[in-house]
Amino acid sequence: MANTPEQVVIAFQHDYKIWNDQAFQQSRTRDGKDIMPLAQKSWKQLLKKYTAPDFEGEPIAFGSESSHDPDLEKVISTKITGDNAVVTTRLSQQYYSPVYEYQLFRDNNSWYLSQIFLVDEDGKYPSL
């Protein structure tokens with residue numbers, strides 16, 4: 001069970017990578033019209049583990065390389081202020097190493113994701 005913001009982030013990265021890889025594999029082997037409903041359904045199941053019940057996320061996206069991978073994405077800082085936390089990570093890739101800012105909140109001693117931002121020199125962009 002994930003008890004700290006970092007543990008929640010790492011568990012999410014793991015589950016996200018599995019989801020991405022499965023969705024991408026299905027997109028290569030199934031009829032195109034079936035892919036998005038299946039990917040959306042499994043995405044909603046994944047979000048239930050990490051977000052509040054009323055959470056509405058961004059549109060889904062998946063690809064040959066996962067946007068989150070616990071083997072390549074490392075925590076570079078954590079800041080906890082009361083019941084809120086920001087965990088910053090860097091995903092090490094050959095040509096591009098994006099920085100992500102995971103925002104979490106604590107409710108009943110459990111941490112939940114409220115947003116993930118892709119951070120670059122031009123600003124922060126929601127990605128969850």
Flag yes if [X] and [Y] sit in one hydrophobic cluster, no otherwise; membership is Ile, Leu, Val, Met, Phe, Trp, Tyr, and two members link when side-chain heavy atoms are under 4.5 Å apart.
X: V86; Y: I80; value: no
X: L72; Y: V119; value: no
X: I10; Y: Y50; value: no

Quick one, [X] and [Y] - any side-chain contact, counting heavy atoms below 4.5 Å?
X: Y100; Y: V9; value: no
X: Y102; Y: Q13; value: yes
X: F117; Y: P126; value: yes
X: W111; Y: V87; value: no
X: F55; Y: L113; value: no

Polar side-chain atom of [X] near backbone of [Y] as donor-acceptor pair, under 3.5 Å:
X: W19; Y: A39; value: yes
X: T4; Y: Q7; value: yes
X: T88; Y: I76; value: no
X: Y16; Y: S66; value: no
X: R106; Y: A85; value: no
X: D69; Y: D71; value: yes

Mark yes when over 12 heavy atoms from residues, nucleotides or ligands other than [X] sit less than 6.0 Å from its [atom1]; otherwise mark no.
X: E65; atom1: CD; result: no
X: K48; atom1: NZ; result: no
X: N108; atom1: CG; result: no

Kindly compute the distance separating [atom1] ([X]) from [atom2] ([Y]), expressed to the nearest 0.5 Å.
X: T81; Y: F105; atom1: OG1; atom2: CZ; result: 15.5 Å
X: F62; Y: M36; atom1: CZ; atom2: CE; result: 5.5 Å
X: E56; Y: T51; atom1: CD; atom2: OG1; result: 9.5 Å
X: L47; Y: L128; atom1: CG; atom2: CG; result: 5.5 Å
X: Q22; Y: K17; atom1: CD; atom2: NZ; result: 10.5 Å
X: K41; Y: I60; atom1: NZ; atom2: CD1; result: 13.5 Å

Considering all heavy atoms, the nearest Y96-P98 contact: O-CD, 3.4 Å
Sole residue of H68, R90, Q93 in side-chain hydrogen bond (donor to acceptor under 3.5 Å, both in side chains) with E73: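 One option only clears the test, and that one is H68.
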Should side-chain heavy atoms under 4.5 Å link Ile, Leu, Val, Met, Phe, Trp and Tyr, which residues sit in the same cluster as I18? none
Check the orientation of F12 and W43. Use parallel for under 30°, tilted for 30 to 60°, and perpendicular for over 60°. perpendicular
